Asker: 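Have a look at this one before I ask anything.
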Amino acid sequence: DAGVIQSPRHEVTEMGQEVTLRCKPISGHDYLFWYRQTMMRGLELLIYFNNNVPIDDSGMPEDRFSAKMPNASFSTLKIQPSEPRDSAVYFCASSLGDWRTQYFGPGTRLTVL
Amino acid sequence: DQQVKQNSPSLSVQEGRISILNCDYTNSMFDYFLWYKKYPAEGPTFLISISSIKDKNEDGRFTVFLNKSAKHLSLHIVPSQPGDSAVYFCARSGGSYIPTFGRGTSLIVHP
């Protein structure tokens, strides 16, 4: 059974460009989470969805970040325009009912030059 | 403002000995504390959790202790194995579903 799938695994882009990260949660899971990991701040929750509806986006750093979940099997995190300080590993996770046991994807390593 | 803090960025332990990973928190309004384990190039995986009404939870070689008076959480791994080498994150959850993670502690278990 496939776990959480994220694409791309690595992204290198230049400052000012738009970046789109993609996530396919585990089939049947009703919660989806986007996290960012940096050395300075550790693992931060950016936004989470329940049944495709955004519940809390208070962790989204600023308006340059947006996330969507058009259906139960797909979500995107978009950064426009990107900046060097956005460089980090971005994780998507999903869970079923019990949000405590989250299943994480392998992450997308983003480098903004 | 981190509500869970892992003050040790790294820990080195000999195989077979005990590993103790620590986490401090600043807010008592939590329902659950959790530990996640992360290998390089992989996402974190859930390891063990503890309810705030308990002071100990055990799962095989892993035991989590909660000291509410000291606002301190610890994960004990006994005996430590080289395969335990990873980054360990503690996390908490309060009244909302939003989990808050610490910055992580990198554990290295030497053969």
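This one's a predicted model, so the numbers in the text were calculated from it and none came from an experiment. Below, chain A is the first sequence line, B the second, and so on; all start at residue 1.
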Asker: Could you look at F91(A) and say if it's the side chain, the backbone, both or neither that has a heavy atom under 4.5 Å from chain B?
Answerer: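 When you check distances to chain B, only side chain atoms of F91(A) fall under 4.5 Å.
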Asker: Check this for me: Y103(A), atom OH, are more than 12 non-hydrogen atoms of other residues, nucleotides or ligands nearer than 6.0 Å?
Answerer: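 Counting other residues, nucleotides and ligands, OH of Y103(A) stays at 12 neighbours or fewer.
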Asker: Using a 4.5 angstrom heavy-atom cutoff, name the option from S49(B), G104(B), A41(B) with the most pairs to chain A.
Answerer: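 With the most close heavy-atom pairs to chain A, the winner is A41(B).
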Asker: Please check: side-chain N/O of T76(A) versus main-chain N/O of A67(A), any donor-acceptor pairing under 3.5 Å?
Answerer: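 Side chain of T76(A) to backbone of A67(A): no pair is present.
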Asker: Heavy-atom distance under 4.5 Å to chain B: side chain of Q37(A), backbone, both or neither?
Answerer: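 When you check distances to chain B, only side chain atoms of Q37(A) fall under 4.5 Å.
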Asker: Report yes or no: do Y36(B) and K38(B) form a side-chain donor-acceptor pair below 3.5 Å?
Answerer: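 The criterion, which ignores hydrogens and geometry beyond distance, is not satisfied for K38(B) and Y36(B).
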Asker: Between side-chain atoms of residues 104-113 of chain A and protein atoms elsewhere (two or more places apart, or another chain), which donor-acceptor pairs fall under 3.5 Å?
Answerer:
residue: T108(A); atom: OG1; partner: P8(A); partner atom: O; Å: 2.5

